[in-house]
Q: 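Have a look at this one before I ask anything.
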Amino acid sequence: MSLLLYLVLWLSLGQTSEPKLFKENGKVGMINASGEVIIPAMYDEIGWSSGDPTPIDGVIAFRQQGLWGLISVQNKVVSEAKYVHINKLEKKYLLAGLKSRYSNKVNYGLLTTDGSATVGFQYSSISPIGEYLIVSQMDNRQNRYGIIDYKERTTLQFKYDYIQSVNDKVLVVTHDQKSALYQTTGRPITPFFIDEYKASQNDYHPFSSLGQWGVFDGEGNITLPPVYRSVSLNDPAIVEVEEYSQWKAFNHEKEVQFEVATDTILGISKNLLLSNQRGNARLFSSKGHFIDSLLYEQVVPLDSTMLLIQQDGKYGVRKIGGGYVLDPIHDYIEYQNPFFYTLTDKGWHIYNKFGRKLTSRPLLEVVPGGETLVAAKRDRYWGYVDYTGKLAISYKYDLAQPFQGEYAIVKYLNGYGVINTFGQWILQPDHEEILTISDGLFLVRNDEFRQLINAKKEVVFETYNEIIEHPMGLVEKNAEGKFGFIDPKGSPRLNLDYDSISNVLNNEYVILIRNGYYSLVNLEGRIIIPDYSQFEKILPFTEELVGMQKDGKYGYFNLDEQLRIANQYEMAGVWQDGRGPVMLKGKWGFVDLQERLVIQPYYDEVSPFVDGVSIARKGDLYGLLDKDGNEVVQFENDMITRLPSGSYLIRKGDKYGLAQTNGRHSLSTIYDFLEELSSGLYHVKRRGKSGVKDDKNVDVIPLSYDNISYDPINKLIFAKTLGARRTVPLR
């Protein structure tokens with residue numbers, strides 16, 4: 001490079017007292033303010049690793065062959081090039097990284113400008129904060145943080161998970177997922193109770209504890225206690241806060257059991273409640289006594305003693321009251337008493353209900369289920385492990401189903417068979433398909449041939465027809481679409497000549513249709529009403545009387561086929577409470593056991609009588625009838641619905657009320673919302689406020705709350721008042 005080029009570079013950089021860099025032949029050197037070369041262009045880089053080219057105390061870093069060293073601005077080597085990087089700090093100290101002799105790990109230390117190590121190269125990280133340094137060291141494959149000064153004197157022991165600075169005076173120190181405030185001198189300011197901290201540009205900093213937010217100042221003083229749902233710092237001296245909703249828990253006797261500030265609260269088991277504060281769950285007793293805090297993303301009760309929890313995207317199982325059954329390290333957990341089935345990136349494992357791992361090696365797959373043996377896959381094949389985790393049946397099957405009772409279906413060498421808990425063949429693996437019908441009875445298919453075979457290997461039934469499972473037992477269906485019945489033991493009960501089969505009625509009967517006529521059969525396959533009685537339809541019924549169609553008209557018969565109410569009606573309904581709905585000329589009325597038309601057919605729709613009351617419709621309006629036809633609730637309502645307690649929910653327009661079986665309106669039709677919480681208690685809303693009334697129109701909880709919820713497990717009513725937003729000064 002010519003002298004002219006030196007001068008041009010010097011003039012372009014500005015005439016300052018700081019030396020400047022120049023390049024020549026791909027190498028870097030330095031010139032002074034007069035343009036004189038003070039460091040020849042012989043280095044790959046000159047300056048600090050961060051890119052800053054400003055010398056400190058007459059010393060600058062250089063890079064040669066990928067490593068950094070120190071030289072003076074007179075090109076005198078202060079420290080040979082052996083560091084991974086070098087950066088300048090305050091107080092004329094230099095932060096340098098040195099690769100470990102035995103690995104690629106970089107250790108950090110501090111140098112002075114004369115190249116001396118004032119802090120040894122034994123730290124995983126170093127971060128200056130005022131007169132001190134936040135440093136970390138590797139301990140059992142985990143970084144542990146502490147505080148030292150510039151003379152490497154320890155002021156805070158190396159046992160913390162993380163340390164970050166708030167300012168030159170205050171630190172946030174984290175240990176076991178909780179944080180505390182410390183002075184940089186190592187003196188604690190607060191206990192470990194902070195869950196989250198948000199750095200702020202001013203001297204006040206929001207933090208949370210157990211889902212509640214507060215503020216501390218630059219000295220570490222708690223200026224706003226952590227009791228709020230959120231805090232927002234819009235002014236250095238004023239904070240906007242959002243309070244949590246306040247919940248009162250009432251029992252049925254109107255007594256307040258406790259109060260709690262939270263987003264939601266619900267009962268999860270007997271004497272156990274779960275509240276949620278912005279994702280932070282808390283457990284309470286049904287008396288409001290605090291049990292535990294659960295800082296998890298998801299909490300699901302498994303039973304009265306355990307909770308499934310999610311933390312940082314991983315799942316675990318926690319005991320109610322504290323302690324883990326399974327650590328939150330799993331991608332998936334399924335619980336089927338007495339086993340846990342867990343999945344990680346290494347595979348499946350099986351644990352017992354106490355958290356003891358039963359599998360010594362990961363499994364490729366498992367099939368949850370089975371009371372004693374668990375179907376598991378290792379490498380390419382399936383086998384079974386027992387409740388201690390020991391291999392009970394060798395890994396040799398292509399597929400394996402859970403044990404149902406004493407038997408399991410497996411696939412072996414391209415055929416299906418059945419084994420017992422000792423791995424012995426009950427049915428050889430030479431079948432195309434096997435289904436378990438009951439413990440010890442199997443449906444076997446080969447081509448189009450089907451057999452029912454028991455555990456003694458006896459063929460109890462065989463057919464070329466389709467066999468379908470049914471609540472009665474089994475249904476046989478041929479190619480013509482005809483049905484027959486087979487009982488659960490495999491014995492034929494009804495011939496294969498029925499056109500259709502209903503679902504089970506009254507938990508006891510099935511309606512069959514053959515050649516257009518109906519018959520009634522019980523679950524044992526005994527014919528109660530035969531189709532040769534030539535009924536054209538059998539209606540759903542109570543056992544008192546059965547509505548049936550014969551000769552095109554409807555009437556009522558008993559189960560002995562005796563006519564009780566003449567078949568002279570266009571339609572009939574379910575006989576109940578001594579009354580039968582019947583239709584004449586397109587309108588509905590009721591007959592009694594003496595065949596008297598006790599309620600004339602005036603109505604477009606009626607329900608069966610329940611507790612002496614029927615819901616009826618005339619045109620578009622609904623009312624209530626008693627058994628004598630009296631209109632106990634007038635026909636002026638848009639809808640009437642019977643509630644589980646026996647009261648009637650009434651809607652007129654967009655307003656709701658409540659009527660009793662005697663027609664008395666216990667709650668006038670004035671409410672915007674009405675729902676039954678439990679027998680005799682009703683959640684009502686009016687003018688944006690919620691309360692609870694009983695069926696005598698007495699206030700259990702006044703109409704002054706923002707919402708009501710109910711815990712049927714512990715019989716508690718929760719009344720919610722929304723949290724306010726307001727501004728508060730910082731003290």
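Residue numbers start at 1 and run along the sequence shown. Computation of the quantities below employed the complete heavy-atom set of this structure, encompassing side-chain atoms and omitting hydrogens, waters and symmetry-equivalent molecules. Computed from a prediction, not measured in an experiment: that's the story for all the values here.
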Q: Using the rule given for side chain to side chain contact (heavy atoms under 4.5 Å, CB included), can you reason through Val166 versus Val172, listing the C-alpha separation, both sets of side-chain angles and the distance that settles it, and then say yes or no?
A: CA-CA 7 Å; Val166 175; Val172 177; 3.5 Å; yes
Q: Pick out which of Tyr123, Tyr162, Phe158 makes a ring-ring contact (aromatic ring centres under 6.0 Å, His included) with Tyr145.
A: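 For Tyr145, the ring-ring contact (aromatic ring centres under 6.0 Å, His included) test succeeds with only one of Tyr123, Tyr162, Phe158, which is Tyr162.
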Q: With sequence neighbours excluded, what pairs up with Ser116 under the side chain to side chain donor-acceptor pair (under 3.5 Å) test?
A: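 Partners of Ser116 under the side chain to side chain donor-acceptor pair (under 3.5 Å) test: Asp114.
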Q: Can any side-chain N or O of Ser79 pair as donor or acceptor with the backbone N or O of Gly69 at less than 3.5 Å?
A: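 It does not hold such a pair.
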Q: So Phe193 and Phe207, would you call those rings parallel, tilted or perpendicular, with 30° and 60° as cut-offs?
A: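 Perpendicular.
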Q: So for atom CD, which belongs to Glu131, do other residues, nucleotides or ligands contribute more than 12 heavy atoms lying within a distance under 6.0 Å?
A: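 No, because the 6.0 Å sphere around CD of Glu131 holds 12 heavy atoms or fewer from other groups.
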Q: Keeping Trp247 on the side-chain end and Thr262 on the backbone end, is there a donor-acceptor pair under 3.5 Å?
A: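 Looks like yes, one N/O pair under 3.5 Å.
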Q: Give a yes or no on whether the backbone of Glu36 and the side-chain of Ser34 come within a donor-acceptor separation of less than 3.5 Å.
A: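 Checking the backbone N and O of Glu36 against the side chain of Ser34, no donor-acceptor pair under 3.5 Å is found.
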Q: Going through the checks in order, is the side chain to side chain contact (heavy atoms under 4.5 Å, CB included) test met by Tyr381 and Asp398?
A: CA-CA 6 Å; Tyr381 297 104; Asp398 299 311; 3.8 Å; yes
Q: For Lys99, does the NZ atom have more than 12 heavy-atom neighbours from other residues, nucleotides or ligands under 6.0 Å away?
A: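 For Lys99, atom NZ is not crowded (no more than 12 foreign heavy atoms under 6.0 Å).
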Q: Do Val374 and Phe339 come within less than 4.5 Å of each other through their side chains, counting heavy atoms only?
A: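 Val374 reaches Phe339 side chain to side chain.
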Q: Centre-to-centre under 6.0 Å for Tyr108 and His85, is that the case here?
A: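 Aromatic pair counts; centres sit under 6.0 Å.
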Q: For Phe340 and His330: C-alpha separation, side-chain torsions, deciding distance, then whether side chain to side chain contact (heavy atoms under 4.5 Å, CB included) applies.
A: CA-CA 11 Å; Phe340 290 103; His330 307 279; over 6 Å; no
Q: Using a strict 4.0 Å threshold on nitrogen-to-oxygen distance, state whether Asp386 and Lys390 make a salt bridge.
A: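 A salt bridge is absent here (no side-chain N lies under 4.0 Å from a carboxylate O).
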Q: Tell me every residue that passes ring-ring contact (aromatic ring centres under 6.0 Å, His included) with His289, counting only those two or more places apart in sequence or in another chain.
A: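 Partners of His289 under the ring-ring contact (aromatic ring centres under 6.0 Å, His included) test: none.
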Q: Side-chain donor-acceptor pair under 3.5 Å between Thr155 and Thr185, yes or no?
A: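 Side-chain D/A pair, Thr155 to Thr185: absent.
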Q: Does anything in residues 350-367 form a side-chain hydrogen bond (donor to acceptor under 3.5 Å, both in side chains)? List the pairs, not counting sequence neighbours.
A: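 Only His349-Thr359 qualify under side-chain hydrogen bond (donor to acceptor under 3.5 Å, both in side chains).
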Q: Among residues two or more places apart or on two chains, list those pairs meeting side-chain hydrogen bond (donor to acceptor under 3.5 Å, both in side chains) that have a residue in residues 48-64.
A: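 Only Glu45-Arg63, Ser50-Asn87, Asp52-Thr54, Asp52-Lys88, Asp57-Thr113 qualify under side-chain hydrogen bond (donor to acceptor under 3.5 Å, both in side chains).
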Q: Check Thr727, Leu224, Val227, Val215 against Val241 for a side chain to side chain contact (heavy atoms under 4.5 Å, CB included) and give me the one that passes.
A: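 For Val241, the side chain to side chain contact (heavy atoms under 4.5 Å, CB included) test succeeds with only one of Thr727, Leu224, Val227, Val215, which is Leu224.
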Q: For Asn107 and Ser100, which heavy atoms make the closest approach, and how far apart are they?
A: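 That would be ND2-CB, 4.0 Å.
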Q: Does any part of the side chain of Arg144, heavy atoms only, come nearer than 4.5 Å to the side chain of Asp161, both counted from C-beta?
A: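 Heavy-atom side-chain distance check passes, below 4.5 Å.
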Q: Looking at residues at least two apart in the chain, or sitting in another chain, which of them share a ring-ring contact (aromatic ring centres under 6.0 Å, His included) with Tyr43?
A: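 Partners of Tyr43 by the ring-ring contact (aromatic ring centres under 6.0 Å, His included) criterion, ordered by chain and then number, come out as Phe62.
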Q: Could you go through Val119 and Tyr150, starting from their C-alpha distance and side-chain angles, then the distance that decides it, and tell me whether this counts as side chain to side chain contact (heavy atoms under 4.5 Å, CB included)?
A: CA-CA 7 Å; Val119 172; Tyr150 280 84; 5.6 Å; no
Q: Between the side chain of Glu259 and the main-chain N/O of Gln246, is any donor-acceptor distance below 3.5 Å?
A: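 Flag not set: sc Glu259 to bb Gln246 has no pair under 3.5 Å.
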Q: Any side-chain heavy atom of Gln137 sitting closer than 4.5 Å to one from Asp139?
A: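 The answer is no, as the side chains (C-beta and beyond) never meet within the 4.5 Å cut-off.
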Q: If we only count heavy atoms from C-beta on, is the Val385 to Tyr395 side-chain gap below 4.5 Å?
A: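 A side-chain contact exists here, since the closest heavy-atom pair is under 4.5 Å.
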Q: Would you say the side-chain atoms of Ser232 and Glu240 include a donor-acceptor pair closer than 3.5 Å?
A: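 Their side chains do not contain a donor-acceptor pair, so the 3.5 Å distance test is not met.
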Q: Determine which pairs satisfy salt bridge (charged side-chain N to carboxylate O under 4.0 Å, His left out) with at least one residue from residues 303-330, sequence neighbours left out, and list them in order.
A: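 Every pair satisfying salt bridge (charged side-chain N to carboxylate O under 4.0 Å, His left out) with a residue in residues 303-330: Asp292-Arg318, Lys314-Asp331.
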